[in-house]
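A short worksheet on the structure shown next.
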Amino acid sequence: MNVLGIETSCDETAAAVVTDGREILANEIWSQVEEHRPFGGVVPEVAARSHVVGVDAVIERAVETAGIRFSDLDAVAATGGPGLIGGVLVGVMTAKAMASALHIPFIGVNHLEAHALTVRLTEGETEAAAFPYLLLLVSGGHCQLLIVEGVDRYRRLGTTIDDALGEAFDKTAKMLGLGYPGGPRVEEAARRGDPSRFKLPRPLLGRDNCDFSFSGLKTKVRQTIESLPAGPLGDDDVADICASFQKAATDVLVDKCARAIDVFKNRFETGGAMVVAGGVSANMQIRDSIIELAQSTGMRFLAPPVALCTDNGAMVAWAGVERLKAGMTDGADFRPRPRWPLDPDAA
Ligand code: KG4
Ligand code: ZN
(Lines give C-alpha, C1' and ligand atoms only; values in the text may rest on other atoms or scores of the structure.)
(Ligands and ions follow the chains in the order given, each with its own letter.)
Protein backbone atom coordinates (compact mmCIF):
# COMPACT_ATOMS: atom_id res chain seq x y z
CA MET A 1 0.00 0.00 0.00
CA ASN A 2 1.47 3.40 -1.04
CA VAL A 3 0.11 6.57 0.54
CA LEU A 4 1.06 10.08 -0.54
CA GLY A 5 1.17 12.63 2.29
CA ILE A 6 1.02 16.38 1.75
CA GLU A 7 1.96 18.92 4.44
CA THR A 8 1.27 22.63 3.90
CA SER A 9 0.05 23.89 7.28
CA CYS A 10 2.92 26.26 8.05
CA ASP A 11 6.09 27.30 6.22
CA GLU A 12 7.14 24.02 4.65
CA THR A 13 5.73 22.54 1.47
CA ALA A 14 6.30 18.82 1.93
CA ALA A 15 5.23 15.59 0.25
CA ALA A 16 6.15 11.98 0.96
CA VAL A 17 5.28 8.46 -0.06
CA VAL A 18 5.08 5.90 2.75
CA THR A 19 4.02 2.26 2.59
CA ASP A 20 1.98 0.23 5.05
CA GLY A 21 5.21 -1.72 5.59
CA ARG A 22 6.68 1.43 7.23
CA GLU A 23 8.97 2.24 4.33
CA ILE A 24 9.54 5.91 3.56
CA LEU A 25 9.95 5.74 -0.23
CA ALA A 26 10.33 9.51 -0.58
CA ASN A 27 10.21 12.48 1.78
CA GLU A 28 10.54 15.77 -0.10
CA ILE A 29 10.51 19.15 1.54
CA TRP A 30 10.67 22.63 0.13
CA SER A 31 11.34 25.14 2.85
CA GLN A 32 10.08 28.71 2.65
CA VAL A 33 12.49 29.93 5.30
CA GLU A 34 14.26 32.35 2.95
CA GLU A 35 10.98 33.98 1.96
CA HIS A 36 9.95 34.62 5.58
CA ARG A 37 13.36 35.51 6.94
CA PRO A 38 13.14 39.24 6.12
CA PHE A 39 10.00 39.42 8.30
CA GLY A 40 11.51 37.52 11.24
CA GLY A 41 8.67 35.01 11.27
CA VAL A 42 6.05 33.25 9.15
CA VAL A 43 3.75 35.58 7.18
CA PRO A 44 0.53 33.61 6.48
CA GLU A 45 -0.23 35.29 3.13
CA VAL A 46 3.32 34.76 1.87
CA ALA A 47 3.15 31.13 3.01
CA ALA A 48 -0.16 30.43 1.26
CA ARG A 49 1.06 31.86 -2.06
CA SER A 50 4.32 30.00 -1.80
CA HIS A 51 2.51 26.69 -1.23
CA VAL A 52 0.48 27.30 -4.42
CA VAL A 53 3.67 27.84 -6.38
CA GLY A 54 5.57 24.89 -4.92
CA VAL A 55 3.16 22.09 -4.14
CA ASP A 56 2.87 20.43 -7.57
CA ALA A 57 6.63 20.19 -8.08
CA VAL A 58 7.18 18.81 -4.57
CA ILE A 59 4.54 16.10 -5.13
CA GLU A 60 5.99 15.19 -8.54
CA ARG A 61 9.44 14.92 -7.01
CA ALA A 62 8.14 12.70 -4.21
CA VAL A 63 6.44 10.28 -6.61
CA GLU A 64 9.49 10.22 -8.88
CA THR A 65 11.91 9.64 -6.00
CA ALA A 66 9.67 6.87 -4.67
CA GLY A 67 10.13 5.12 -8.02
CA ILE A 68 6.40 4.67 -8.52
CA ARG A 69 3.74 6.08 -10.85
CA PHE A 70 0.74 8.12 -9.73
CA SER A 71 -1.39 5.08 -10.57
CA ASP A 72 0.50 3.09 -7.92
CA LEU A 73 -0.86 5.31 -5.13
CA ASP A 74 -3.57 3.81 -2.89
CA ALA A 75 -4.61 7.02 -1.12
CA VAL A 76 -3.74 10.71 -0.81
CA ALA A 77 -3.56 12.25 2.65
CA ALA A 78 -3.15 15.94 3.38
CA THR A 79 -2.96 18.00 6.55
CA GLY A 80 -6.49 19.31 7.03
CA GLY A 81 -5.66 21.46 10.08
CA PRO A 82 -4.88 22.85 12.54
CA GLY A 83 -2.66 25.45 10.91
CA LEU A 84 -2.56 28.51 8.70
CA ILE A 85 -5.76 28.16 6.72
CA GLY A 86 -4.40 29.47 3.39
CA GLY A 87 -1.73 26.80 3.27
CA VAL A 88 -4.02 24.04 4.54
CA LEU A 89 -6.50 24.85 1.75
CA VAL A 90 -3.77 24.45 -0.87
CA GLY A 91 -2.81 20.98 0.38
CA VAL A 92 -6.39 19.80 0.84
CA MET A 93 -7.60 21.01 -2.57
CA THR A 94 -4.60 19.43 -4.28
CA ALA A 95 -5.12 16.12 -2.48
CA LYS A 96 -8.86 16.05 -3.20
CA ALA A 97 -8.23 16.75 -6.89
CA MET A 98 -5.64 13.98 -7.09
CA ALA A 99 -7.86 11.50 -5.24
CA SER A 100 -10.73 12.28 -7.56
CA ALA A 101 -8.64 11.95 -10.73
CA LEU A 102 -6.94 8.74 -9.55
CA HIS A 103 -10.16 7.22 -8.09
CA ILE A 104 -8.51 6.60 -4.71
CA PRO A 105 -9.49 7.72 -1.20
CA PHE A 106 -8.69 11.16 0.20
CA ILE A 107 -7.78 11.44 3.88
CA GLY A 108 -7.84 14.71 5.82
CA VAL A 109 -5.21 14.38 8.53
CA ASN A 110 -5.04 16.28 11.79
CA HIS A 111 -1.50 17.73 11.89
CA LEU A 112 -1.24 16.94 15.59
CA GLU A 113 -2.24 13.33 14.98
CA ALA A 114 0.50 13.13 12.33
CA HIS A 115 3.08 14.24 14.93
CA ALA A 116 1.52 11.89 17.49
CA LEU A 117 1.70 8.76 15.33
CA THR A 118 5.14 9.33 13.73
CA VAL A 119 6.84 7.21 16.35
CA ARG A 120 4.81 4.21 15.18
CA LEU A 121 6.33 4.68 11.73
CA THR A 122 9.89 4.98 12.97
CA GLU A 123 9.84 2.27 15.63
CA GLY A 124 9.55 -0.41 12.96
CA GLU A 125 7.54 -3.56 13.39
CA THR A 126 8.23 -3.86 17.10
CA GLU A 127 5.51 -3.39 19.65
CA ALA A 128 7.52 -0.57 21.26
CA ALA A 129 5.01 2.05 20.18
CA ALA A 130 1.88 0.02 20.81
CA PHE A 131 -1.15 1.91 22.17
CA PRO A 132 -1.58 3.35 24.72
CA TYR A 133 1.38 5.69 25.20
CA LEU A 134 2.00 9.05 26.80
CA LEU A 135 2.85 11.90 24.44
CA LEU A 136 4.48 15.27 24.99
CA LEU A 137 3.65 17.24 21.85
CA VAL A 138 5.73 20.42 21.66
CA SER A 139 5.72 22.48 18.49
CA GLY A 140 5.46 26.03 17.22
CA GLY A 141 1.72 26.08 17.81
CA HIS A 142 1.10 23.57 20.60
CA CYS A 143 2.35 22.30 23.92
CA GLN A 144 0.26 19.42 25.24
CA LEU A 145 0.44 16.20 27.21
CA LEU A 146 -1.83 13.48 25.83
CA ILE A 147 -2.57 9.83 26.26
CA VAL A 148 -2.64 8.28 22.81
CA GLU A 149 -5.15 5.45 23.12
CA GLY A 150 -5.46 4.67 19.42
CA VAL A 151 -5.92 6.21 16.00
CA ASP A 152 -8.37 9.08 16.47
CA ARG A 153 -8.48 8.39 20.23
CA TYR A 154 -6.72 10.95 22.40
CA ARG A 155 -7.12 12.09 25.98
CA ARG A 156 -5.56 15.42 26.77
CA LEU A 157 -4.02 15.71 30.23
CA GLY A 158 -2.86 19.31 29.90
CA THR A 159 -2.06 22.11 27.50
CA THR A 160 -0.52 25.55 27.42
CA ILE A 161 -2.81 28.27 28.66
CA ASP A 162 -1.02 30.90 26.56
CA ASP A 163 2.02 30.54 24.26
CA ALA A 164 3.36 27.34 22.74
CA LEU A 165 6.94 26.53 23.69
CA GLY A 166 8.19 26.72 20.09
CA GLU A 167 6.72 30.21 19.91
CA ALA A 168 8.63 31.19 23.06
CA PHE A 169 11.85 29.80 21.52
CA ASP A 170 11.20 31.76 18.32
CA LYS A 171 10.43 35.00 20.17
CA THR A 172 13.48 34.64 22.38
CA ALA A 173 15.62 34.21 19.26
CA LYS A 174 14.04 37.24 17.66
CA MET A 175 14.65 39.44 20.73
CA LEU A 176 18.28 38.35 20.76
CA GLY A 177 18.71 39.02 17.05
CA LEU A 178 19.36 35.35 16.30
CA GLY A 179 16.89 35.34 13.44
CA TYR A 180 14.33 32.85 12.25
CA PRO A 181 13.69 29.96 12.69
CA GLY A 182 14.65 30.47 16.28
CA GLY A 183 14.54 27.13 18.11
CA PRO A 184 17.69 25.56 16.67
CA ARG A 185 19.61 28.85 17.06
CA VAL A 186 18.67 29.22 20.71
CA GLU A 187 19.73 25.62 21.28
CA GLU A 188 23.06 26.22 19.58
CA ALA A 189 23.78 29.42 21.55
CA ALA A 190 22.67 27.74 24.80
CA ARG A 191 25.45 25.15 24.42
CA ARG A 192 28.04 27.87 25.13
CA GLY A 193 26.03 29.53 27.90
CA ASP A 194 25.68 29.48 31.67
CA PRO A 195 22.11 28.36 32.56
CA SER A 196 22.37 29.73 36.10
CA ARG A 197 23.39 33.31 35.29
CA PHE A 198 19.88 34.71 34.90
CA LYS A 199 17.02 33.84 37.25
CA LEU A 200 14.09 33.12 34.98
CA PRO A 201 10.65 31.94 36.15
CA ARG A 202 9.38 28.37 35.80
CA PRO A 203 5.66 29.10 35.27
CA LEU A 204 3.18 26.64 36.82
CA LEU A 205 6.02 24.43 38.09
CA GLY A 206 4.88 22.48 41.11
CA ARG A 207 1.18 23.04 40.40
CA ASP A 208 -0.86 19.89 40.59
CA ASN A 209 -1.86 19.74 36.93
CA CYS A 210 -0.34 19.10 33.51
CA ASP A 211 -0.86 22.60 32.11
CA PHE A 212 1.85 24.93 30.82
CA SER A 213 2.35 28.67 30.52
CA PHE A 214 5.23 30.31 28.70
CA SER A 215 4.20 33.90 28.19
CA GLY A 216 5.62 35.07 31.55
CA LEU A 217 8.92 33.38 30.77
CA LYS A 218 9.06 35.17 27.44
CA THR A 219 8.32 38.52 29.11
CA LYS A 220 11.07 37.92 31.66
CA VAL A 221 13.53 37.23 28.84
CA ARG A 222 12.65 40.63 27.36
CA GLN A 223 13.07 42.35 30.73
CA THR A 224 16.40 40.60 31.23
CA ILE A 225 17.66 41.85 27.88
CA GLU A 226 16.49 45.37 28.75
CA SER A 227 18.29 45.23 32.10
CA LEU A 228 21.65 44.74 30.42
CA PRO A 229 23.81 47.76 29.48
CA ALA A 230 22.56 49.52 26.33
CA GLY A 231 24.20 48.64 23.04
CA PRO A 232 24.68 45.37 21.21
CA LEU A 233 24.63 42.27 23.40
CA GLY A 234 27.87 40.37 23.78
CA ASP A 235 28.13 36.75 22.66
CA ASP A 236 28.33 35.64 26.30
CA ASP A 237 25.16 37.52 27.22
CA VAL A 238 23.27 35.95 24.33
CA ALA A 239 24.55 32.47 25.19
CA ASP A 240 23.73 32.88 28.90
CA ILE A 241 20.19 34.12 28.19
CA CYS A 242 19.58 31.22 25.80
CA ALA A 243 20.95 28.70 28.29
CA SER A 244 18.90 30.17 31.16
CA PHE A 245 15.74 30.23 29.03
CA GLN A 246 16.21 26.68 27.77
CA LYS A 247 16.89 25.41 31.30
CA ALA A 248 13.75 27.08 32.67
CA ALA A 249 11.64 25.60 29.86
CA THR A 250 13.20 22.15 30.34
CA ASP A 251 12.56 22.20 34.10
CA VAL A 252 8.88 22.93 33.48
CA LEU A 253 8.54 20.20 30.85
CA VAL A 254 10.18 17.62 33.09
CA ASP A 255 7.96 18.54 36.05
CA LYS A 256 4.78 18.29 33.97
CA CYS A 257 5.87 15.06 32.27
CA ALA A 258 6.51 13.55 35.72
CA ARG A 259 2.93 14.38 36.72
CA ALA A 260 1.60 12.97 33.46
CA ILE A 261 3.57 9.76 33.99
CA ASP A 262 1.87 9.39 37.39
CA VAL A 263 -1.55 9.81 35.81
CA PHE A 264 -0.65 7.35 33.06
CA LYS A 265 0.64 4.73 35.50
CA ASN A 266 -2.47 5.02 37.62
CA ARG A 267 -4.61 4.25 34.59
CA PHE A 268 -2.46 1.61 32.90
CA GLU A 269 -0.54 -0.68 35.19
CA THR A 270 1.87 -2.10 32.65
CA GLY A 271 3.49 -1.12 29.39
CA GLY A 272 3.38 2.25 27.80
CA ALA A 273 6.10 4.58 26.67
CA MET A 274 6.93 8.25 27.10
CA VAL A 275 6.95 9.69 23.60
CA VAL A 276 7.99 13.17 22.47
CA ALA A 277 7.03 14.72 19.14
CA GLY A 278 6.81 18.09 17.38
CA GLY A 279 9.52 20.55 16.37
CA VAL A 280 10.74 21.42 19.87
CA SER A 281 11.40 17.75 20.60
CA ALA A 282 14.35 18.09 18.20
CA ASN A 283 16.04 19.95 21.09
CA MET A 284 18.69 17.71 22.62
CA GLN A 285 18.72 19.20 26.11
CA ILE A 286 14.96 18.76 26.35
CA ARG A 287 15.17 15.26 24.89
CA ASP A 288 17.98 14.18 27.23
CA SER A 289 16.18 15.50 30.30
CA ILE A 290 13.01 13.62 29.42
CA ILE A 291 15.01 10.46 28.70
CA GLU A 292 16.47 10.75 32.19
CA LEU A 293 13.01 11.25 33.71
CA ALA A 294 11.59 8.29 31.79
CA GLN A 295 14.44 6.06 32.93
CA SER A 296 13.98 7.08 36.57
CA THR A 297 10.29 6.16 36.39
CA GLY A 298 10.77 2.91 34.49
CA MET A 299 9.01 4.18 31.36
CA ARG A 300 10.46 3.43 27.95
CA PHE A 301 11.38 6.62 26.05
CA LEU A 302 10.64 6.94 22.34
CA ALA A 303 11.10 9.78 19.88
CA PRO A 304 11.19 10.04 16.11
CA PRO A 305 14.57 10.94 14.58
CA VAL A 306 15.15 14.69 14.64
CA ALA A 307 14.38 15.11 10.92
CA LEU A 308 10.90 13.68 11.48
CA CYS A 309 10.17 15.83 14.55
CA THR A 310 9.81 19.05 12.60
CA ASP A 311 7.07 19.25 9.98
CA ASN A 312 7.40 16.80 7.10
CA GLY A 313 5.31 14.86 4.60
CA ALA A 314 6.14 11.38 5.90
CA MET A 315 4.25 11.93 9.15
CA VAL A 316 1.13 12.92 7.20
CA ALA A 317 1.48 9.95 4.84
CA TRP A 318 1.88 7.60 7.82
CA ALA A 319 -1.17 9.01 9.59
CA GLY A 320 -2.90 8.41 6.25
CA VAL A 321 -1.77 4.75 6.29
CA GLU A 322 -3.07 4.30 9.85
CA ARG A 323 -6.42 5.90 9.05
CA LEU A 324 -6.80 4.02 5.77
CA LYS A 325 -6.21 0.73 7.60
CA ALA A 326 -8.88 1.75 10.13
CA GLY A 327 -11.33 2.61 7.33
CA MET A 328 -11.26 6.32 8.17
CA THR A 329 -11.31 8.12 4.85
CA ASP A 330 -12.91 11.44 3.96
CA GLY A 331 -15.16 12.71 1.21
CA ALA A 332 -14.95 15.71 -1.10
CA ASP A 333 -17.00 17.61 1.49
CA PHE A 334 -14.14 17.51 4.04
CA ARG A 335 -13.64 21.03 5.39
CA PRO A 336 -10.19 22.25 6.45
CA ARG A 337 -10.10 23.28 10.09
CA PRO A 338 -7.78 26.09 11.29
CA ARG A 339 -8.49 24.82 14.84
CA TRP A 340 -8.87 21.11 15.39
CA PRO A 341 -8.33 19.71 18.90
CA LEU A 342 -7.23 16.08 19.15
CA ASP A 343 -9.36 15.49 22.23
CA PRO A 344 -12.83 16.85 21.53
CA ASP A 345 -13.74 16.53 25.22
CA ALA A 346 -10.91 18.78 26.40
CA ALA A 347 -11.77 22.38 27.11
O1 KG4 B 1 6.39 20.86 14.54
P2 KG4 B 1 6.96 22.07 13.90
O3 KG4 B 1 7.95 21.88 12.77
O4 KG4 B 1 5.82 23.00 13.35
C5 KG4 B 1 4.63 23.18 14.03
O6 KG4 B 1 3.75 22.29 13.92
O7 KG4 B 1 4.55 24.20 14.75
O8 KG4 B 1 7.61 22.95 15.06
C9 KG4 B 1 8.25 24.15 14.78
C10 KG4 B 1 8.76 24.75 16.06
C11 KG4 B 1 9.36 26.14 15.89
O12 KG4 B 1 8.85 26.98 16.90
C13 KG4 B 1 10.84 25.90 16.07
O14 KG4 B 1 11.55 27.01 16.58
C15 KG4 B 1 10.86 24.75 17.04
O16 KG4 B 1 9.80 23.91 16.60
N17 KG4 B 1 12.13 24.02 17.02
C18 KG4 B 1 12.97 23.93 18.06
C19 KG4 B 1 14.10 23.21 17.62
N20 KG4 B 1 13.89 22.86 16.32
C21 KG4 B 1 12.67 23.36 15.97
N22 KG4 B 1 12.86 24.43 19.32
C23 KG4 B 1 13.89 24.19 20.16
N24 KG4 B 1 15.01 23.52 19.81
C25 KG4 B 1 15.16 23.00 18.56
N26 KG4 B 1 16.26 22.35 18.21
ZN1 ZN C 1 4.07 20.53 13.32
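For ligands, and for the atoms within them, numbers begin at 1 and follow the listed sequence. Quick note: numbers below take in every heavy atom, side chains included, and nothing from hydrogens, waters or symmetry partners.
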Original post:
So, is the end of the R120 side chain (NZ or CZ) under 6.0 Å from the ring centre of F131 and within 45° of the ring's axis?
Top reply: yes
Please report which non-hydrogen protein atom sits nearest to [atom], along with the residue it belongs to and the distance in Å to one decimal place.
atom                    : answer
atom 26 (N) of ligand 1 : E187 OE1, 2.7 Å
atom 17 (N) of ligand 1 : G279 O, 3.5 Å
atom 24 (N) of ligand 1 : N283 ND2, 3.1 Å
atom 12 (O) of ligand 1 : D170 OD2, 2.7 Å
atom 4 (O) of ligand 1  : D311 OD2, 3.0 Å

Taking only heavy atoms of [X] into account, list the atoms of ligand 1 that are under 4.0 Å away from them.
X    : answer
G166 : 12 (O)
H111 : 6 (O)
H115 : 1 (O), 6 (O)
G141 : 7 (O)

Salt bridge or not for [X] and [Y], using N-O below 4.0 Å?
X    : Y    : answer
R37  : E34  : yes
D72  : R69  : yes
K174 : D170 : no
R300 : E123 : no
R197 : D240 : yes

**OP:** Go through the side-chain N and O atoms of S215 and D163 and say whether any donor and acceptor fall under 3.5 Å apart.
**Re:**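 No.
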Original post:
Applying a 4.0 Å heavy-atom criterion (strictly less than), which segment of P181 is in contact with ligand 1: side chain, backbone, both, or neither?
Top reply: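 No part of P181 comes within reach of ligand 1.
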**OP:** Output the atom name for the N/O/S atom of D311 with the smallest distance to the Zn ion (ligand 2).
**Re:**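 For D311, the N/O/S atom sitting closest to the Zn ion (ligand 2) is OD1.
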**OP:** Report the name of the N/O/S atom of H111 located nearest to the Zn ion (ligand 2).
**Re:** NE2
Original post:
Is there an N/O/S atom in H142 that lies less than 2.8 Å from the Zn ion (ligand 2)?
Top reply: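 No N, O or S atom of H142 is closer than 2.8 Å to the Zn ion (ligand 2), so no.
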Original post:
Taking 2.8 Å as the cut-off, does an N/O/S atom of C10 lie below it from the Zn ion (ligand 2)?
Top reply: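 Looking at C10, which is the residue asked about, there is no N, O or S atom under 2.8 Å from the Zn ion (ligand 2).
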**OP:** Name the option, out of A114, G140, G183, P82, that contains the heavy atom nearest to atom 18 (C) of ligand 1.
**Re:**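 That would be G183.
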**OP:** Please state whether C10 comes within less than 4.0 angstrom of ligand 1, counting heavy atoms only.
**Re:** no
Original post:
Is the F106 ring parallel, tilted or perpendicular to the F334 ring (thresholds 30°, 60°)?
Top reply: perpendicular
Subject >> Nearest-0.5 Å distance, CD of residue E149 to OH of residue Y154 >> reply: 10.5 Å
Original post:
Can you tell me how far NE2 of H115 sits from CG of L146, rounded to the nearest 0.5 angstrom?
Top reply: 12.5 Å
